[in-house]
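Values below: every heavy atom of this structure, side chains too, minus hydrogens, waters and symmetry copies.
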Amino acid sequence: MAEITNSIVLERLQANFADKVLSTEESYSVLSINTTPEAIVPMLRFLKEDTLLQFIFLTDICGVHYPDAEKPLGVVYHVHSLVHNIRIRIKVFLPISNVHIPTATPVFKSANWMERETYDFYGIVFDGHPDLRRILNMDDMVAFPMRKEHPLEDPNRKDKKDEYFGR
């Protein structure tokens, strides 16, 4: 069996999703691809069902928040080909005004709880999810705690004054 490399994975993705591969990078030997919300499920399905690639294990789905970016909220998918021992990272970034993305549960059943956790902490809505509700926080909570929307420290604290530290 021939060794599968990041360049082979990228070539196959670009051949099938040419206009949907927005950007790529490679860090720590892991290929990262940015794509659109509409392309994520077909791309995951292709990676899983392609007889050469066989990315059959969804390692993780997580959210990210870059408050100063044009599209500040992101969903990051980590997928692993156990057959070839190669990993890929797929990112989808969303504007705050539209935090909807299709669910990956039709492709990977394990996406269920990972998407619920991402919804719970970042408020990203996975359209078509079979049971999208909070998983770790209280049901009546209205905020999303992992979003960077609050100051890191209380500005009224008295023990954090620079004058106490000789600054």
Check: Which residues satisfy the side-chain contact (heavy atoms from CB on, under 4.5 Å) test with Gln14, sequence neighbours excluded?
Finding: Leu10, Val21
Item checked: Leu22: side-chain contact (heavy atoms from CB on, under 4.5 Å) partners, not counting sequence neighbours -> Asn34, Thr36
Item checked: salt bridge (charged side-chain N to carboxylate O under 4.0 Å, His left out) partners for Glu25, two or more places apart -> none
Notebook entry, point to check: Residues in salt bridge (charged side-chain N to carboxylate O under 4.0 Å, His left out) with Asp50, at least two apart?
Noted result: Arg12
Check: Under a single-linkage definition using a 4.5 Å side-chain heavy-atom cutoff for Ile, Leu, Val, Met, Phe, Trp and Tyr, are Phe57 and Val76 assigned to the same hydrophobic cluster?
Finding: no
Note to self: Please tell me whether Thr103 and Glu115 have a donor and an acceptor in their side chains that are separated by less than 3.5 angstrom.
What the structure shows: yes
Margin query: Please determine whether side-chain contact (heavy atoms from CB on, under 4.5 Å) holds for the pair Asn85 and His80, giving the CA-CA distance in whole Å, both sets of side-chain angles, and the decisive distance to 0.1 Å.
Written below: CA-CA 7 Å; Asn85 195 26; His80 188 183; 3.2 Å; yes
Check: What's the shortest heavy-atom distance between Pro145 and Asn137, and which atoms?
Finding: CG-ND2, 3.6 Å
Notebook entry, point to check: If you measure from CG on Leu44 to CD on Glu49, what distance do you get to the nearest 0.5 Å?
Noted result: 10.5 Å
Note to self: Does Lys91 qualify as a cation-pi partner of Tyr77, given the criterion of NZ or CZ under 6.0 Å from the six-membered ring centre and within 45 degrees of its axis?
What the structure shows: no
Margin query: Closer than 4.0 angstrom, basic N to acidic O: yes or no for Arg134 and Asp139?
Written below: no
Next item on the list: Only counting residues at least two apart or in another chain, list the ones meeting ring pair (Phe, Tyr, Trp, His ring centres under 6.0 Å) with Phe46.
Entry: Phe17
Note to self: Using the rule given for side-chain contact (heavy atoms from CB on, under 4.5 Å), can you reason through Tyr119 versus Ile124, listing the C-alpha separation, both sets of side-chain angles and the distance that settles it, and then say yes or no?
What the structure shows: CA-CA 5 Å; Tyr119 163 73; Ile124 297 168; 5.8 Å; no
Check: What residues join Val30 in its hydrophobic cluster, counting side-chain heavy atom gaps under 4.5 Å, either direct or through other members?
Finding: none
Margin query: Quick one, Arg45 and Pro106 - any side-chain contact, counting heavy atoms below 4.5 Å?
Written below: yes
Check: Below 4.5 Å, heavy atoms only, C-beta onward: do Leu13 and Ile88 meet side chain to side chain?
Finding: yes
